[in-house]
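To keep things clear, I will list the structure first and then write my remarks on it.
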2 protein chains.
Amino acid sequence: MQNMIGDPIPLLHGVQSYSTAPERRDAAANRARILMVAEALFAEHGVSAVNMAEIAEEAGVGKGTLYRNFANKGELCLILMDTQLREFQDQRLELMRSQSESGIPCLEQLAEFLEALVAFTEVHMPLLFEVQQDTQALNEREIQRPHFWQYMTAYGLLRSAVRAGELPADFDSAYMAEALLAPLAPPTFRFQREVLGFDVDRIAEGLNLILGALSSLQRIIA
Amino acid sequence: MQNMIGDPIPLLHGVQSYSTAPERRDAAANRARILMVAEALFAEHGVSAVNMAEIAEEAGVGKGTLYRNFANKGELCLILMDTQLREFQDQRLELMRSQSESGIPCLEQLAEFLEALVAFTEVHMPLLFEVQQDTQALNEREIQRPHFWQYMTAYGLLRSAVRAGELPADFDSAYMAEALLAPLAPPTFRFQREVLGFDVDRIAEGLNLILGALSSLQRIIA
DNA sequence: TTGACAAACGGACGCGAGTCCGCTACAATT
DNA sequence: AATTGTAGCGGACTCGCGTCCGTTTGTCAA
């Protein structure tokens, strides 16, 4: 469940570049410049206030070039998060490995994972929000939406929990993984944060409580 | 889906019409015509394949007129569901009243509510999806998004459950109501249905299981 | 070097949402 | 019936996204 990412090549995402001819020098330079410009503009004006034409212009390329490198605004945002996304992933994987060795229950690991994910989502909301928009287009390319590994991680931990007897044998891990992550979907999360005014801790605690409730399920039956 | 058409004070939503001068005859006729045309076009081509210009043209009005009546596509869709939304609401309220009288536990009522809501969401997905899009614009007018009463209902039942001792006293009903409804947010629901292939019953059961787990929480403590 | 052929470029274009504002015509008033 | 103020109308326009396609240019082979 790790590393479904694309590892050989750094920008995992480098749309093509899988072994066919290396890309042209100027093309690479353009892509790098676009990313830097986008990051700067986003930082200055906010993600939603910057449009693709501005990015292209500021980077000194045409829109065609911009879209040649990034299928849409969402993909551009995703790639801007790439490093941090990978770091986060690696950290969690490492942590979970050591937690498993220490015999920490899977559900507890999942609780910590969700807590960390809440923090991550909070920090990267603006970019994540854009990414979420065009899920469809993203699926068509070979890019992994963040949701995918989140799902795989949660699903994996739930399945392990079932195997370990922390959850009933007929527990629907696949659905539950989705249900637990649903409140973290960017539009939903944003609504809770900005409209309802829930703070980050409250959300984390809420999710934690659901997990607690699920684990008590098994205790009841036993 | 009949008759959300013109009737006098039709749409709780009727953007203005709160006691000021009655609207002009031709305006009412236009609005009614727009709604009929939209319904027909949506039925024929699917909601997402029909654009606002087409609706205006087919209804024989300008885009200005269309937008005078409906702030955006989402609002138009919302009003098309109006009758059914109200019926659903009324049914559930009535049902809950009788359930309460029969002493059925609040959490059980909530479980049934969620099950019904899953069915409702499934049926109205295409319209709900559009509605969800422009939450912001909707909030600014005095229109109730479907989410609002869903939330109030769930929240109310959870609070009653706490009062009835079915849940711990420090239970965060407000957050939990949101968390339970999150999987029903149109984009999330649609993803689960169409991409992951979960069927409606599976989703309903999953939500039901979470509720079951939550109720067992209290049993543990007691 | 030079030639040639993709890859890469760039900006005009199409599309759909939603806005704006000058014009129209309803209905209230005399 | 004529007058008039205003709600209502219509469609050109703006905006942002994303596409298309004729042109340029890096790279590689001769």
Side-chain angles (χ1 to χ4, degrees), chain A residues 14-18 20-34 37-38 41-42 45-77 129-138 140-141, chain B residues 6 14-34 37-38 41-42 45-77 129-138 140-141:
Chain A
V15 176
Q16 52 261 87
S17 81
Y18 15 66
T20 58
E23 90 188 314
R24 256 162 56 174
R25 203 81 45 80
D26 56 338
N30 277 334
R31 198 178 62 216
R33 198 144 26 81
I34 289 169
V37 163
L41 288 176
F42 286 167
H45 305 292
V47 175
S48 62
V50 177
N51 67 35
M52 294 297 265
E54 283 171 328
I55 295 172
E57 188 175 355
E58 184 77 12
V61 302
K63 285 181 69 179
T65 304
L66 176 52
Y67 277 99
R68 152 167 284 275
N69 283 285
F70 311 98
N72 50 47
K73 198 174 176 182
E75 185 176 315
L76 174 56
C77 290
F129 194 84
E130 291 292 333
V131 172
Q132 186 88 357
Q133 300 285 302
D134 13 48
T135 298
Q136 192 134 22
L138 250 44
E140 281 157 15
R141 291 178 152 223
Chain B
V15 176
Q16 53 261 77
S17 83
Y18 15 64
S19 84
T20 59
E23 93 189 308
R24 257 162 56 176
R25 203 83 43 83
D26 57 339
N30 276 335
R31 198 178 64 216
R33 198 144 27 81
I34 289 169
V37 163
L41 289 176
F42 286 167
H45 306 292
V47 175
S48 62
V50 177
N51 66 35
M52 294 298 265
E54 284 171 328
I55 295 172
E57 188 175 354
E58 183 77 13
V61 302
K63 285 181 71 178
T65 304
L66 177 51
Y67 278 98
R68 153 167 284 275
N69 283 285
F70 311 99
N72 50 46
K73 200 175 177 181
E75 184 176 316
L76 174 56
C77 290
F129 194 84
E130 292 291 333
V131 172
Q132 186 88 357
Q133 299 285 302
D134 12 48
T135 296
Q136 192 135 22
L138 250 44
E140 282 157 14
R141 289 177 153 228

Report, one pair per line, the protein and nucleotides 3-6 of chain C atoms (nitrogen or oxygen only) whose separation is under 3.5 Å.
none

Nucleotide D:dG10, atom C1' - distance to CD1 of B:Ile55 in whole Å: 16 Å

Residue pair B:Thr65 / B:Asn69: nearest heavy atoms and the distance that separates them: O-ND2, 3.0 Å

Value in whole Å for how far the C1' atom of D:dC17 lies from CD of A:Glu130: 11 Å

Rounded interatomic separation in angstrom, taking CD1 from A:Ile34 and C1' from C:dC9: 11 Å

Nearest non-hydrogen partners of B:Ala38 and B:Leu76, listed with the distance: CB-CD2, 4.1 Å

For atom CG of B:Asn30 and atom P of C:dT24, their distance in whole Å: 17 Å

Minimum heavy-atom distance between A:Val61 and A:Ile34, given as atom pair plus value: CG2-CD1, 4.0 Å

Residues that A:Glu57 engages under side-chain contact (heavy atoms from CB on, under 4.5 Å), provided they are two or more places apart: none

Nearest non-hydrogen partners of B:Glu54 and B:Val50, listed with the distance: OE1-CA, 3.4 Å

Considering all heavy atoms, the nearest B:Ala49-B:His45 contact: CB-O, 3.3 Å

Protein-nucleotide distance (A:Arg25, atom CZ; D:dT25, atom P), rounded to Å: 17 Å

Whole-Å gap separating P (C:dC9) and CZ (A:Phe70): 11 Å

A:Glu130 versus A:Cys77, closest heavy-atom pair with distance: CB-SG, 3.7 Å

Per-nucleotide protein contact string for nucleotides 11-23 of chain C (B base, S sugar-phosphate only, - none; heavy atom under 4.0 Å): B----SBBBB---

A:Leu76 CG - D:dG18 C1' separation (whole Å): 14 Å

Test item: A:Gln132 side-chain N/O and A:Phe129 main-chain N/O as donor-acceptor pair under 3.5 Å: no

Separation of atom CD in A:Glu58 from atom P in C:dG10, rounded to whole Å: 15 Å

Rounded distance (nearest 0.5 Å) linking atom CE of A:Met52 with atom CZ of A:Phe70: 8.0 Å

